[in-house]
Amino acid sequence: MYIIFLGAPGAGKGTQAVRVAQELKLVHVATGDLLRQVQEQGTELAKEAKAYMDKGMLVPDEITIRMVLSRIAEPDCQVGVILDGFPRNLNQAEVLDKSLAEKDKAIDKVVSIMIAEQELLDRLGGRWICRECQTPYHTVNSPPRVPGKCDRCGGELYQRDDDTVETVKKRLEVYSSETAPLIDYYSQQGKLLEVDGEGSIEEVGQRIVAALQRGR
Ligand code: AMP
């Protein structure tokens, strides 16, 4: 089973992808996390990717496509995958469809998490993430029990370099121009599930699982 999660930055895509993957026993593959892991290696490729990420722009397709296709071909992913942050433009979507078709596979469903723009800006401003397990927190909506420490693993919380006001605006623009067209692309394939992203993390999670189980 291959499920894609679409949503503007701040829509709760990552948070929900982690939860739903646990519930449905699928592997969570997040391109943003893969790209941030690559940065720890400090290679030239990593530096190139970081320059795009810090500006809120998409990393070139030749980097992300290769990275994702090789990740989902790994043995642990054969149980099924939730793709979080990929595809992010039409070219990525088409290459992904083609590559899966060559193995007689296909995307099953695409969950689009919908949220108002002002809510996105409010959410991104207060976002903190665990350095160890990537669990996201929010200073107002979901603060950690101990400030600066992860509830799950005790790891240190940090703010992403690309969560600054300027970069957030750029990421929202890139989402509207590059990623939002995928909503039509998957709707035409009859795979789109639109889910209201407002409400508590639990409420939205339940809506997503219910939509996936209904299949519409
Ligand atoms: P995310 O953690 O999903 O918000 O991604 C953070 C940043 O990583 C994005 O703003 C992009 O610069 C880059 N990125 C993540 N996924 C992709 C992708 N599929 N294609 C290109 N760039 C990506």
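Whatever order the structure lists ligands and atoms in, that order sets their numbers, starting from 1.
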Could you tell me which residues satisfy salt bridge (Lys or Arg N to Asp or Glu O under 4.0 Å) with Glu117, sequence neighbours excluded, listed by chain and number?
-> none
Could you verify whether a donor N or O on one side chain and an acceptor N or O on the other, from Gln189 and Asp97, lie under 3.5 Å apart?
-> yes
Connected hydrophobic set around Ile82, excluding itself, where side chains approach under 4.5 Å | Met1, Ile3, Phe5, Val20, Leu24, Leu26, Val111, Ile113, Leu193, Val195, Val204, Ile208, Val209, Leu212
Under the 4.5 Å side-chain heavy-atom rule for ILVMFWY, direct or indirect, which residues accompany Trp128?
-> Tyr137, Leu157
Polar contact flag, side-chain donor to acceptor under 3.5 angstrom, Arg152-Thr135 = yes
Ion pair present between Arg66 and Glu62, side-chain N to carboxylate O less than 4.0 angstrom?
-> no
Under a 4.0 Å heavy-atom cut-off, what residues line ligand 1?
-> Lys13, Thr31, Gly32, Leu35, Arg36, Met53, Met57, Leu58, Val59, Thr64, Gly85, Phe86, Arg88, Gln92, Arg160, Asp162, Arg171
